[in-house]
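Step one of this worksheet: look at the structure below.
Chain letters run A, B, ... following the sequence lines, proteins first, then strands; residues in each count from 1.
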2 protein chains.
Amino acid sequence: MSIRHGLLALLTRGPRYGYQLRAEFETATGGAWPLNIGQVYTTLGRLERDGLAVRGAEDAEGRHVYAVTDAGRAEAARWFASPVGRADRPRDELAVKLALALTGSGVDVRAVVQAQRASTLATMRDLTRRKLGVAEPAQALVLDAQIFQAEAEIRWLDHCERSLR
Amino acid sequence: MSIRHGLLALLTRGPRYGYQLRAEFETATGGAWPLNIGQVYTTLGRLERDGLAVRGAEDAEGRHVYAVTDAGRAEAARWFASPVGRADRPRDELAVKLALALTGSGVDVRAVVQAQRASTLATMRDLTRRKLGVAEPAQALVLDAQIFQAEAEIRWLDHCERSLR
DNA sequence: CACCGCATGTAACGTGTTACATGATTCA
DNA sequence: TGAATCATGTAACACGTTACATGCGGTG
């Protein structure tokens with residue numbers, strides 16, 4: 001529910017229209033997760049359906065402006081206040097893959113670990129390089145989040161390889 | 001696509017029926033991501049639709065057994081051979097939240113970080129405790145993956161808090 | 001004029017979740 | 001007998017992605 005809550009959070013800063021929301025979302029997150037414009041409109045429709053936002057009149061340039069409702073403001077506050085729990089996260093595809101490779105499939109586990117390690121290292125180099133050109137603190141922190149995760153993945157892969165012996 | 005590929009990987013070990021697939025999936029992953037039984041059947045239907053598995057005759061106990069096809073075997077091999085890339089992963093809800101909290105919303109970023117940190121620490125304690133009772137190496141590695149991720153999250157949160165000053 | 005960027009949407013599709021319905025077997 | 005477990009499925013729904021269609025305005 002990152003998109004839904006993200007757009008809602010942006011709306012709490014003031015009325016916004018679709019294109020504007022996508023631009024602000026991508027600016028804030030440094031384009032780490034590009035947001036399809038179609039998704040913005042369907043999400044806005046659902047926010048309105050659920051009483052968290054209302055579609056107001058068109059502005060001077062004829063854009064369709066949405067505004068947050070009281071319920072939407074409360075929901076956004078609730079989102080910021082409640083931590084992201086373990087159950088909220090999707091299945092970790094890599095962990096699933098390794099677990100299945102380990103338990104009696106004919107797969108060469110070491111090869112899987114090696115391939116993943118090389119790929120994750122390349123990712124980390126890329127992220128580190130991209131961080132040099134970033135001035136916005138929010139964007140830098142998003143990049144840092146990905147870097148920290150990639151580091152943890154490398155550590156885990158090495159840990160897996162040690163366990164194989 | 002963890003479920004789809006996970007079930008496919010299990011089928012490469014031999015013909016299986018729905019309940020059996022769920023049991024083996026949860027055993028391999030240590031129950032970290034419980035798998036709804038309904039999802040197993042819909043996924044099996046899609047695997048058959050896509051030519052990756054076929055529904056064979058019922059076994060002696062009247063169970064509906066599925067078997068992997070050549071195409072399915074190839075797809076499973078491709079899955080194991082290709083690393084999980086950055087674009088494959090879903091949006092990190094926590095990073096999105098922090099990024100939006102930082103960029104000019106009226107939110108107390110420090111409070112968000114503190115709440116998340118406490119929650120993630122509790123998660124880590126729970127995972128560490130649960131690891132004591134685990135003997136299966138695959139299950140232990142899945143738990144380790146979550147522990148490593150939680151550690152990285154704590155480090156990142158501390159990094160965020162330092163950046164706030 | 002053609003093309004591009006802005007702006008709004010819709011349709012089709014895939015994955016995943018939950019809830020519900022059904023029947024057989026086993027066990028207290 | 002009644003409850004739990006095994007086993008198979010369907011229906012409704014939510015979220016997200018992609019592709020497509022439309023219209024406006026500016027620019028080469």
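Regarding A:Asp88, its CG atom lies at a distance of 15 Å from the C1' atom of D:dC15, rounded to whole Å. Protein atom OH of A:Tyr41 is 16 Å distant from nucleotide atom P of C:dA11, rounded to whole Å. Atom CD of A:Glu48 and atom C1' of C:dG9 are 14 Å apart (whole Å). The distance from atom CD of A:Glu58 to atom P of C:dA7 is 13 Å, rounded to the nearest whole Å. Rounded to an integer number of Å, the gap from CG of A:Asn36 to P of C:dA7 is 16 Å. One can place CD1 of A:Ile37 at 15 Å from P of D:dG16, the figure rounded to the nearest angstrom. For the pair A:Arg63 CZ and D:dG23 C1', the computed distance is 15 Å after rounding to whole Å. Following rounding to the nearest Å, B:Leu47 (CG) and C:dG16 (P) show an atom-to-atom distance of 10 Å.
The side chain of B:Arg4 contributes an N or O atom lying less than 4.0 Å from OP1 or OP2 of C:dT15. Taking 4.0 angstrom as the limit, B:Arg22 places none of its side-chain polar atoms (N or O) nearer than this to OP1 or OP2 of D:dT8. Put simply, A:His64 has a side-chain N or O that comes within less than 4.0 Å of OP1 or OP2 on C:dG9. For A:Tyr17, a side-chain nitrogen or oxygen approaches OP1 or OP2 of C:dA7 to under 4.0 Å. B:Arg89 has no side-chain polar atom (N or O) that falls below the 4.0 Å cut-off from OP1 or OP2 of D:dG16.
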Is there a salt bridge (Lys or Arg N to Asp or Glu O under 4.0 Å) between B:Arg129 and B:Asp126? Walk through the geometry before answering. CA-CA 5 Å; B:Arg129 188 181 51 72; B:Asp126 182 46; 2.6 Å; yes
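Each of D:dC15, D:dA7, C:dT15 was ranked by its minimum atom distance to the side chain of B:Met1; first place goes to C:dT15. Closest contact between the side chain of B:Tyr19 and the listed nucleotides D:dT8, C:dG14, D:dC15 involves D:dT8. Listed nucleotides C:dT8, D:dG9, D:dG16 differ in distance to A:Ile3; the shortest reach to its side chain belongs to D:dG16. The B:Arg49 side chain lies nearest to C:dT15 when the options are D:dG16, D:dA7, C:dT15. Here D:dG16 is the nucleotide among C:dT10, D:dG16, D:dG9 with the atom lying nearest to any side-chain atom of A:Arg46.
Considering all non-hydrogen atoms of both residues, A:Glu24 and A:Leu10 come closest at OE1-CD2, 3.7 Å.
Here A:Gly38 lies in heavy-atom contact (under 4.0 Å) with a base.
Neither side chain, A:Gln116 nor A:Trp156, offers a donor N or O lying under 3.5 Å from an acceptor on the other.
Neither A:Ile154 nor B:Phe148 shares a network with the other; the hydrophobic side chains, linked directly or stepwise wherever heavy atoms of I, L, V, M, F, W or Y lie under 4.5 Å apart, form separate groups for each.
When each of B:Val65 and B:Arg91 is assigned the nucleotide of DNA chain D with its nearest heavy atom, B:Val65 is the one assigned upstream, toward the 5' end.
The cationic atom of A:Arg22 (NZ for Lys, CZ for Arg) lies less than 6.0 Å from the six-membered ring centre of A:Tyr19 and within 45° of the ring axis.
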